Amino acid sequence: MDSNYFTDVYEVVKLVPKGRWASYGAIAHYLGAKGGARMVGWAMNSAHCDDSVPAHRVLNRNGELTGQHHFKPPGKMQKLLEKEGLKIVNDRVTNASESFWDPSAELM
DNA sequence: GACATGACGATTT
DNA sequence: GAAATCGCCATGT
């Protein structure tokens, strides 16, 4: 529980608006760039057990569904994103720059 | 305690 | 412009 870092990541991910997506680096930067994007991904890895954390809204900086294989079943991530209004093509979000959500910019 | 790995990012070649 | 490499730090072995 000392790793409050994960909790921070969960909070930010939960704050991601529906139909938008945030990048690991953006969240990491919002948290103070602690450890960088990798730690965010690692936090999600621990969060995968928590359905309250819409990890499917967290993609890499390219808007690619990098963690699909970690979902159950694989592809659920893409389905959820498409259901929220995002267009996924080739495991990648189209109009990514338009649906991109930056916590440090939107939440300030 | 050290080595290897990981849902990434940025920089350099 | 694309590919390759290093860096970030925490977790697992």
Side-chain angles (χ1 to χ4, degrees):
Chain A
M1 297 292 255
D2 296 286
S3 306
N4 290 44
Y5 186 75
F6 297 131
T7 310
D8 260 349
V9 177
Y10 303 157
E11 290 296 299
V12 178
V13 175
K14 288 177 185 178
L15 289 169
V16 177
K18 182 179 172 187
R20 301 252 163 114
W21 63 273
S23 65
Y24 301 97
I27 296 173
H29 183 73
Y30 176 73
L31 298 177
K34 287 184 177 184
R38 281 193 156 164
M39 300 297 87
V40 180
W42 205 261
M44 295 275 106
N45 193 25
S46 291
H48 76 84
C49 218
D50 193 327
D51 286 345
S52 303
V53 182
H56 61 269
R57 291 184 189 155
V58 187
L59 317 175
N60 68 358
R61 80 106 189 160
N62 248 340
E64 299 173 50
L65 286 65
T66 46
Q68 244 187 43
H69 185 74
H70 290 265
F71 269 73
K72 312 155 305 206
K76 180 82 179 284
M77 186 180 192
Q78 178 174 340
K79 190 175 181 180
L80 286 168
L81 289 169
E82 289 185 312
K83 189 176 183 180
E84 297 198 352
L86 289 174
K87 310 295 188 296
I88 314 300
V89 178
N90 196 5
D91 291 335
R92 185 170 167 187
V93 182
T94 59
N95 58 358
S97 40
E98 296 187 18
S99 11
F100 176 67
W101 183 79
D102 187 345
S104 60
E106 303 295 318
L107 296 175
M108 287 169 53

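These numbers come from a predicted model, not from an experiment. Letters A, B, ... are given to chains in the order of the sequence lines, protein chains preceding strands, and every chain is numbered from 1.
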**Study point:** Common cluster, Val89(A)/Leu80(A), ILVMFWY with side-chain heavy-atom separation under 4.5 Å
**Key:** no
Exercise for review: Could you work out the separation of dA4(B) and dC6(C) based on their P atoms and round it to a whole Å?
Suggested key: 15 Å
Exercise for review: Can you see which heavy atom on Ser99(A) is nearest to which on Thr94(A), and at what distance?
Suggested key: OG-O, 3.9 Å
Exercise for review: May I ask you to list the residues sharing a hydrophobic cluster with Leu86(A), side-chain cutoff 4.5 Å, ordered by chain and number?
Suggested key: Trp21(A), Leu59(A), Leu65(A), Phe71(A), Met77(A), Leu81(A), Ile88(A), Val93(A), Phe100(A)
Exercise for review: Summarise protein proximity over nucleotides 6-13 of chain B in one line of letters, 5' to 3': B for base, S for sugar-phosphate only, - for none, counting protein heavy atoms closer than 4.0 Å.
Suggested key: BBBSS---
Check your understanding: Where is the tightest heavy-atom contact between Gly25(A) and Ala37(A), given as atom of each residue plus distance?
Key -> N-CB, 3.7 Å
Point to revise | Those residues that, when tested against Ser97(A), pass side chain to side chain contact (heavy atoms under 4.5 Å, CB included) (two or more places apart) | key: none
Exercise for review: Decide if atom NZ of Lys14(A) counts as having more than 12 heavy atoms of other residues, nucleotides or ligands within a radius under 6.0 Å.
Suggested key: yes
Practice item. Return the residues of residues 79-105 of chain A meeting this criterion: a heavy atom under 4.0 Å from some atom of DNA chain B. Order them by number, or give none. Key: none
Review point. What integer number of Å spans the C1' atoms of dA7(B) and dA3(C)?
Key: 22 Å
Check your understanding: What pairs with Asp8(A) under side chain to side chain contact (heavy atoms under 4.5 Å, CB included), at least two apart in sequence or on another chain?
Key -> Leu31(A)
Practice item. Give every residue pair that meets the salt bridge (charged side-chain N to carboxylate O under 4.0 Å, His left out) criterion with at least one member in residues 81-100 of chain A, sequence neighbours excluded. Key: Arg57(A)-Glu84(A)
